[in-house]
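Below is one structure; the comments refer to it alone.
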Amino acid sequence: MKRPRLVLSLACLLVAGCEADKPAGPVTAEASATLPPASATAPIALPGATPSATAEAAATPSADPSSSATAAAPSASVASAATVVPGMPAAKDGVLAAGAADRVLKTGGKPVVKLIEAGAEPRAAVSYAFTEGAAQSAVIGLDMVMGAKSKGMELPRTAVPHMAMTLDLNPAEKNAAGDFRIAAKLVDVGIEPSGITQTKIAESLKPQLATVKGMSMSYWVSPHGTVRDVKVDLPPGMPPEAAKMLQSMNQSFESMVAPLPREPIGTGARWQVITRIASQGADILQYTTFTLKTREGTRLGLGADLRQFAANPVIDNPAIPAGMTARIKAFDSGGSGDTNLDTAEVSPLGGKLSMKSSMEIEVSRPGGGAGTPGESNVVHSDLTVTFARPKK
């Protein structure tokens with residue numbers, strides 16, 4: 001069981017952010033019991049959705065994976081590695097050549113927003129303009145199914161219990177440039193298991209989740225949706241495991257706005273947003289294409305399609321055991337969603353994103369010798385993220 005355990009540890013590390021030394025067993029208990037990674041949520045920046053994608057949609061937990069009849073089907077490839085995204089450099093099997101990502105966007109660089117089509121007349125500029133002190137709440141819902149394959153052995157796919165995080169958001173300050181400082185606080189974290197297996201996972205998670213409540217953070221948002229100067233204040237006495245979980249979700253908490261173009265736009269407008277994300281040691285370059293579907297005053301209905309590429313094959317995470325290396329051989333990740341937002345309000349109206357990811361990882365252990373090929377393993381994840389206003 002040493003090899004499957006190693007694969008499961010990496011699956012947890014890269015897909016769910018759990019501890020690398022957590023015992024695996026059959027992939028059903030604590031091994032996958034944690035929040036999804038930032039790369040699957042935050043970079044998307046989907047603040048809202050069509051009216052049908054409400055909190056009720058988020059409240060449907062995954063089926064109990066202990067029953068093969070109800071377990072989710074294997075994750076399908078979201079797109080061919082040869083898929084061409086406008087402006088994207090060549091990516092073999094979803095992995096960019098050395099230096100290619102830097103020529104698009106360097107690590108730590110601000111998101112790049114490019115207008116593709118201006119849309120129909122009448123056109124008008126769009127930007128965020130919040131009201132100081134007009135606090136609102138938002139609920140982020142998370143549902144995920146994950147699994148792994150090693151040496152021909154398909155490990156059981158596991159559904160993580162539905163989680164819902166409630167945030168209080170307050171535009172606390174505005175500067176001369178029109179940027180707003182958003183003060184956010186995590187006031188509640190709920191977990192809703194379905195079935196015996198998920199109930200066991202939920203019970204192992206509850207002590208950590210209890211320490212998460214009260215976390216606060218702040219960040220600045222420009223009129224066109226650029227986020228900067230993110231600061232996180234963890235509650236006193238938070239255990240290291242919970243702190244790790246939150247650090248992987250920081251970007252999700254700040255993703256309450258969608259980047260907007262500076263040019264005037266109308267219905268049918270399309271723009272591309274390029275972001276560079278570091279998540280659980282993986283370096284990701286993401287292309288998101290937004291489409292303006294509807295506009296009514298300050299309310300915008302947006303569609304979003306995204307693709308992610310490995311900017312660097314090397315996985316650099318301190319949780320990987322000493323002497324062991326992990327490299328991405330193939331990466332296929334993408335998804336789509338709908339959003340509904342009000343540029344005058346800090347909280348999203350509603351939203352839903354569905355995303356599939358498949359990553360082939362080559363693991364080399366100590367003593368393998370130079371040039372010795374490592375063991376290849378495949379990690380799959382299906383993720384659904386929802387945004388909504390709290391029910392009254």
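Please read all numbers here as calculations on a predicted model, not as lab measurements.
For the pair Leu115 and Trp271, the tightest heavy-atom approach, listed with the atom from each and the gap, is CA-CB, 4.0 Å. Taking every heavy atom of both residues into account, Ala138 and Leu169 meet most closely at CB-CD1, 4.1 Å. Contact detail for Thr343 and Ser127: the closest heavy-atom pair is CB-O, 3.3 Å. Listed here is the closest heavy atom pair of Asn312 and Ile328: O-CD1, 4.2 Å. Looking at every heavy atom in both residues, Glu117 comes nearest to Gly268 through OE1-O, 4.1 Å. The minimum heavy-atom distance linking Leu341 with Ala258 is given by the pair CD2-CB, 4.2 Å.
Annotation: Glu121, atom CD; neighbour count of heavy atoms from other residues, nucleotides and ligands within 6.0 Å is above 12.
Rounded to the nearest 0.5 Å, atoms OG1 (Thr158) and CD (Gln198) are 9.5 Å apart. Atoms CE and NZ, from Met217 and Lys185 in turn, are 14.5 Å apart once rounded to the nearest 0.5 Å. In this structure, the separation between OG1 on Thr267 and CG on Leu300 is 9.5 Å, given to the nearest 0.5 Å. Here the CE-CD distance, from Met359 to Gln308, works out to 8.5 Å after rounding to the nearest 0.5 Å. Here the straight-line distance linking atom CG of Leu353 with atom CG of Leu383 works out to 6.5 Å at 0.5 Å rounding. The structure places CG of Asn377 at 9.5 Å from CD of Glu362, a figure rounded to the nearest 0.5 Å.
Met165 is listed as a side-chain neighbour of Leu142, based on a closest heavy-atom distance under 4.5 Å. Between Val314 and Arg327 the shortest side-chain heavy-atom distance falls below 4.5 Å. Looking only at side-chain heavy atoms (C-beta outward), His162 and Ser194 stay at 4.5 Å or farther from each other. Using a 4.5 Å cut-off on side-chain heavy atoms (C-beta onward), Val145 and Ser381 make no contact. When side chains are defined from C-beta on, His224 does not count as touching Val113, because their heavy atoms never get closer than 4.5 Å. Residues Glu360 and Asp93 fail the side-chain proximity criterion, which asks for heavy atoms closer than 4.5 Å.
Not one N or O on the side chain of Thr288 forms a donor-acceptor pair closer than 3.5 Å with the backbone of Leu306. No donor-acceptor pair closer than 3.5 Å links the side chain of Tyr128 to the backbone N or O of Val346. Side-chain atoms of Arg299 do not come within 3.5 Å of backbone N or O of Leu349 as any donor-acceptor pair. In terms of modelled atom types and a separation under 3.5 Å, the side chain of Asn175 and the main chain of Ala177 share a donor-acceptor contact.
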Is there a side chain to side chain donor-acceptor pair (under 3.5 Å) between Asp332 and Ser358? Walk through the geometry before answering. CA-CA 5 Å; Asp332 192 8; Ser358 179; over 6 Å; no
Test side-chain contact (heavy atoms from CB on, under 4.5 Å) on Val363 and Thr325 and set out the steps. CA-CA 6 Å; Val363 180; Thr325 60; over 6 Å; no
Kindly determine whether Lys114 and Ile274 satisfy side-chain contact (heavy atoms from CB on, under 4.5 Å), including the steps that lead there. CA-CA 8 Å; Lys114 299 179 179 179; Ile274 305 173; 4.2 Å; yes
Residue pair Lys352, Thr384: steps toward the side-chain contact (heavy atoms from CB on, under 4.5 Å) verdict: CA-CA 7 Å; Lys352 185 175 182 179; Thr384 299; 3.9 Å; yes
Side chain to side chain donor-acceptor pair (under 3.5 Å) evaluation trace for Asp305 with Thr289: CA-CA 5 Å; Asp305 292 284; Thr289 301; over 6 Å; no
Kindly determine whether Ser347 and Arg389 satisfy side chain to side chain donor-acceptor pair (under 3.5 Å), including the steps that lead there. CA-CA 8 Å; Ser347 173; Arg389 296 280 179 89; 3.1 Å; yes
Worked check of salt bridge (Lys or Arg N to Asp or Glu O under 4.0 Å) between Asp188 and Lys213: CA-CA 6 Å; Asp188 190 32; Lys213 296 179 183 178; 3.3 Å; yes
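With sequence neighbours excluded, no residue forms a side-chain contact (heavy atoms from CB on, under 4.5 Å) with Ala176. Under the rule for a ring-ring contact (aromatic ring centres under 6.0 Å, His included), the partners of Phe180 that lie at least two apart in sequence or sit in another chain are Phe130. For Val139, the side-chain contact (heavy atoms from CB on, under 4.5 Å) partners are Ala164, Thr166, Pro390, not counting sequence neighbours.
The salt bridge (charged side-chain N to carboxylate O under 4.0 Å, His left out) analysis of residues 158-175, with sequence neighbours excluded, yields the pairs Glu173-Arg181. Among residues at least two apart or in separate chains, there is no ring pair (Phe, Tyr, Trp, His ring centres under 6.0 Å) pair with a member in residues 136-160.
Under a hydrophobic-cluster definition in which Ile, Leu, Val, Met, Phe, Trp and Tyr are linked whenever side-chain heavy atoms come within less than 4.5 Å, directly or via other members, Tyr219 and Phe387 are assigned to the same cluster. Residues Val230 and Ile140 are members of one and the same hydrophobic cluster, defined by side-chain heavy-atom contacts under 4.5 angstrom among Ile, Leu, Val, Met, Phe, Trp and Tyr. Following chains of ILVMFWY side-chain contacts shorter than 4.5 Å, one cannot reach Ile116 starting from Val273, and the two form parts of different hydrophobic clusters. Hydrophobic clustering, with ILVMFWY side chains joined whenever heavy atoms are under 4.5 angstrom apart, groups Val112 together with Phe309. Residues Val187 and Ile191 fall into different hydrophobic clusters, defined by Ile, Leu, Val, Met, Phe, Trp and Tyr side chains chained together at heavy-atom separations under 4.5 Å.
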N/O donor to acceptor pairs below 3.5 angstrom from side-chain atoms of residues 98-109, sequence neighbours left out:
unit_1 : atom_1 : unit_2 : atom_2 : d
Asp102 : OD1    : Arg276 : NH1    : 3.0
Asp102 : OD1    : Arg276 : NH2    : 3.4
Thr107 : OG1    : Arg276 : NH2    : 3.4

